[in-house]
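Below, all heavy atoms of this structure are taken into account, side chains as well, without hydrogens, waters or symmetry copies. When a ligand or atom number is given, it counts from 1 through the structure's own listing order.
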Amino acid sequence: MSEEVNDKKNVAVQAAALVENNMIVGLGTGSTANYFIEELARRQQQESLTVTTVSSSVISSQIAQKQGLKVVAIENLSSLDLYVDGADEVTEDMTLLKGRGSDLVREKLLAKASNEFYVLVDNSKLVSNIGENYPIPIEVLPFAWQLVLNSLEQIGGVGGLRPNAAGDGLAVSSHGSLILDMKFDEGTDSQALNQQLNATPGVVEHGIFANLATTIFIGADGKIEQRNK
Ligand code: 5RP
């Protein structure tokens, strides 16, 4: 019986093979990042790879520690060698949408501080425009949500506060922010929107990752395409 192709795992294994001894490696969050953590731990155990990691979330930190990886606090770092994470959407120009989870503040900090940022996706994540498949998550200071929502509506945004998983309250990010999930017109330029969101008071962080990825690994039907900046 043939084994089912797992493109997320394949790209994670390929990226983990590029990790070198003594690197400081940032761990992303999500199912693809989990495969990367697993493979990094395997290399540490079976190939005597020496690596220090820093995590973008409590959950990834727990997974990494359980598998024997050394995880240091983000507060102790001024830079890292490599950050590896998944994404929800990837465009031709390597702009990303992230943050379907609730850890995008740390994710963007690590992506920005890292010499290299590898993004691991299967081809279902490729889009023509950011926002094609998902609303854009925008973390806001809790007391500012209404003013931020109003500003975003004035530039064509439609959406509102993200409910929690049970649907009986609001989602709160790991940073303690509320999250606005916003849709914009189909043709909206993601670079311009990135700048507008960066300049909106009350916005803590948002899910557009522009000019940060250095390599994208795209898995499709057992094959891997690599796009470099
Ligand atoms: C979390 C993220 C994830 O990387 C993104 O949602 C992809 O997840 P998965 O690897 O499970 O498809 O941005 O904030």
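Atom NZ of Lys9 sits in a sparse spot, with 12 or fewer heavy atoms from other residues, nucleotides or ligands closer than 6.0 Å.
Under the 3.5 Å distance criterion, the side-chain polar atoms of Asn164 are matched with a main-chain donor or acceptor of Gly169. In terms of modelled atom types and a separation under 3.5 Å, the side chain of Thr200 and the main chain of Gln196 share a donor-acceptor contact.
Just one of Thr29, Asp88, Asp181 meets the side-chain hydrogen bond (donor to acceptor under 3.5 Å, both in side chains) condition when paired with Arg100; it is Asp88.
Each of Lys8, Thr29, Gly30, Ser31, Thr32, Asp85, Gly86, Ala87, Asp88, Lys98, Gly99, Arg100, Gly101, Glu107, Lys125 has a non-hydrogen atom positioned under 4.0 Å from some atom of ligand 1.
If you look at Tyr118 and Tyr83, their ring centroids are not closer than 6.0 Å.
Using a 3.5 Å distance cut-off with no hydrogens or angles, the side chains of Thr215 and Lys229 do not pair a donor with an acceptor.
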